[in-house]
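Below you'll find the structure, written out as structure tokens, and then a few comments.
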Amino acid sequence: MFGAALATGPLKWARERGLLDVALHQIRDYATDRHRQVDDTPYGGGQGMVMKPDPLVAAIEHAAVVDRPRRILLAPQGASFTQARAEALAREPSLLLVCGRYEGVDARVRAFVDDELSIGDYVLSGGEPAALCLIDAVARLLPEVVGSFDSVESDSFHSGLLDATYYTRPAEYRGWTVPEVLLSGNHAEIARHRRREQLRRTLERRPDLLESAALSSDDRRILRELESGAAPATPGRGRARGRRA
Ligand code: 9D3
């Protein structure tokens with residue numbers, strides 16, 4: 001599951017340059033019984049299986065000996081993994097990501113980790129895809145990994161707003177046009193247009209983000225204007241507006 005993801009794009013690039021090192025440990029390798037069993041039936045009954053503490057903690061302790069990593073259990077009941085968490089984890093010299101399977105892990109394993117994190121409110125079949133999301137989000141914040149510091153700075157979630165809309169050639173595609181202002185070459189106008197688009201989309205799609213976004217007094221004025229439904233001077237935004245007759 002990890003092979004292709006770690007061998008593609010920025011993760012591959014970072015590993016080739018020694019900026020990122022990922023070691024994989026197979027929990028079953030730490031099982032000591034004849035059947036190499038890592039799971040068992042839950043005390044108290046119920047369906048499904050629970051990961052036994054012993055092979056899992058043995059794996060954690062084996063993996064943790066060298067560089068004293070921050071130990072993170074990926075779990076549906078964990079705290080939300082956010083961009084702020086990614087930024088904090090990117091400052092850690094080393095991370096140990098523990099991936100569970102089955103219905104969950106024996107509750108006593110929690111005493112052997114520092115944090116429990118979830119990537120969102122949906123059900124995965126294990127912690128591995130969540131660990132890959134975490135690795136991707138954290139690795140791209142490492143110094144020198146993403147080409148320019150600028151592109152990280154301007155990312156959505158840095159400002160706390162959604163991205164503006166983007167367009168590339170052709171200027172007209174199947175009757176759909178590009179907002180005039182983007183073709184104008186007027187960079188101040190373009191910056192204003194993009195900020196307005198960010199605010200408009202965030203208000204429309206993720207109003208919850210506005211509560212913690214870094215907003216200027218100009219932004220607040222634009223938001224009041226958008227909320228009052230005042231027709232903005234924003235060509236090309238919808239089908240009716242942007243499409244040629
Ligand atoms: C909350 C669902 N549980 C009760 C029905 C069972 C359960 C489902 C899926 C227990 C573990 C799992 C496996 N998921 C993860 O290990 C997991 C996860 C996820 O499912 N969603 C979001 N983030 C994460 S991080 C690890």
Side-chain angles (χ1 to χ4, degrees), residues 1-31 38-39 50-146 149 151-153 155-158 160 212:
M1 195 183 289
F2 289 88
L6 295 173
T8 311
L11 295 181
K12 177 187 184 190
W13 192 89
R15 292 174 70 214
E16 284 171 352
R17 281 158 189 77
L19 305 168
L20 172 71
D21 181 29
V22 184
L24 300 169
H25 301 264
Q26 185 76 313
I27 292 160
R28 198 179 293 285
D29 293 345
Y30 298 87
V38 295
D39 60 329
V50 175
M51 287 188 80
K52 292 158 63 66
D54 184 48
L56 192 47
V57 171
I60 291 170
E61 289 180 334
H62 176 87
V65 285
V66 185
D67 38 24
R68 308 259 150 211
R70 184 162 194 88
R71 301 166 176 202
I72 298 163
L73 175 66
L74 284 312
Q77 68 280 3
S80 299
F81 178 62
T82 59
Q83 189 66 19
R85 291 253 185 195
E87 284 164 16
L89 294 180
R91 290 190 285 270
E92 294 280 344
S94 174
L95 303 175
L96 194 164
L97 306 178
V98 183
C99 302
R101 278 289 177 109
Y102 314 106
E103 292 311 295
V105 307
D106 185 289
R108 292 165 291 186
V109 170
R110 285 187 191 117
F112 299 85
V113 299
D114 302 304
D115 302 314
E116 274 181 81
L117 295 177
S118 161
I119 61 161
D121 295 338
Y122 36 82
V123 181
L124 302 172
S125 40
E128 295 90 341
L132 275 171
C133 289
L134 188 150
I135 292 168
D136 189 275
V138 170
R140 62 188 301 289
L141 295 173
L142 299 175
E144 303 178 80
V145 169
V146 161
F149 181 71
S151 77
V152 173
E153 277 281 282
D155 269 355
S156 168
F157 293 113
H158 185 83
S212 39

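Keep in mind that what you see is a predicted model, and the values were worked out from it rather than measured.
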Open item on the list: Suppose we screen for side chain to side chain donor-acceptor pair (under 3.5 Å). Which residues come up paired with R110, at least two apart in sequence or across chains?
Closed with: E116
Open item on the list: Among residues at least two apart in sequence or on other chains, which ones pass salt bridge (Lys or Arg N to Asp or Glu O under 4.0 Å) with D39?
Closed with: none
Task: Min side-chain heavy-atom separation V57-E61 under 4.5 Å - done: yes
Open item on the list: Under the rule for salt bridge (Lys or Arg N to Asp or Glu O under 4.0 Å), what residues qualify as partners of R101, not counting sequence neighbours?
Closed with: E128
Open item on the list: Which residue is it: L117, I60, V105? I am looking for the one with a side-chain contact (heavy atoms from CB on, under 4.5 Å) to L73.
Closed with: V105
TODO: Have a look at I72 and tell me which of V98, D115, L96 forms a side-chain contact (heavy atoms from CB on, under 4.5 Å) with it.
DONE: D115
Task: By side chain to side chain donor-acceptor pair (under 3.5 Å) - contacts of D54 (at least two apart) - done: none
Task: Donor-acceptor under 3.5 Å (D114 side chain, R71 main chain) - done: yes
Task: Interatomic distance, L11 atom CG to L6 atom CG [nearest 0.5 angstrom] - done: 6.0 Å
Task: Minimal non-hydrogen separation, Y30 against A59, with atom names - done: CD1-CB, 3.4 Å
Task: Sequence-distant partners of F81, ring pair (Phe, Tyr, Trp, His ring centres under 6.0 Å), two or more places apart - done: none
Open item on the list: Tell me the closest heavy-atom pair linking V109 and P53, and the distance in Å.
Closed with: CG2-CA, 3.9 Å
Task: Aromatic plane relationship, H25 with H62 - under 30° parallel, 30 to 60° tilted, over 60° perpendicular - done: perpendicular
Open item on the list: So for atom CZ, which belongs to R68, do other residues, nucleotides or ligands contribute more than 12 heavy atoms lying within a distance under 6.0 Å?
Closed with: no
Task: Residues that R108 engages under salt bridge (Lys or Arg N to Asp or Glu O under 4.0 Å), provided they are two or more places apart - done: D106
TODO: For the residue pair R85 and L134, establish whether any side-chain heavy-atom pair is separated by less than 4.5 Å.
DONE: no
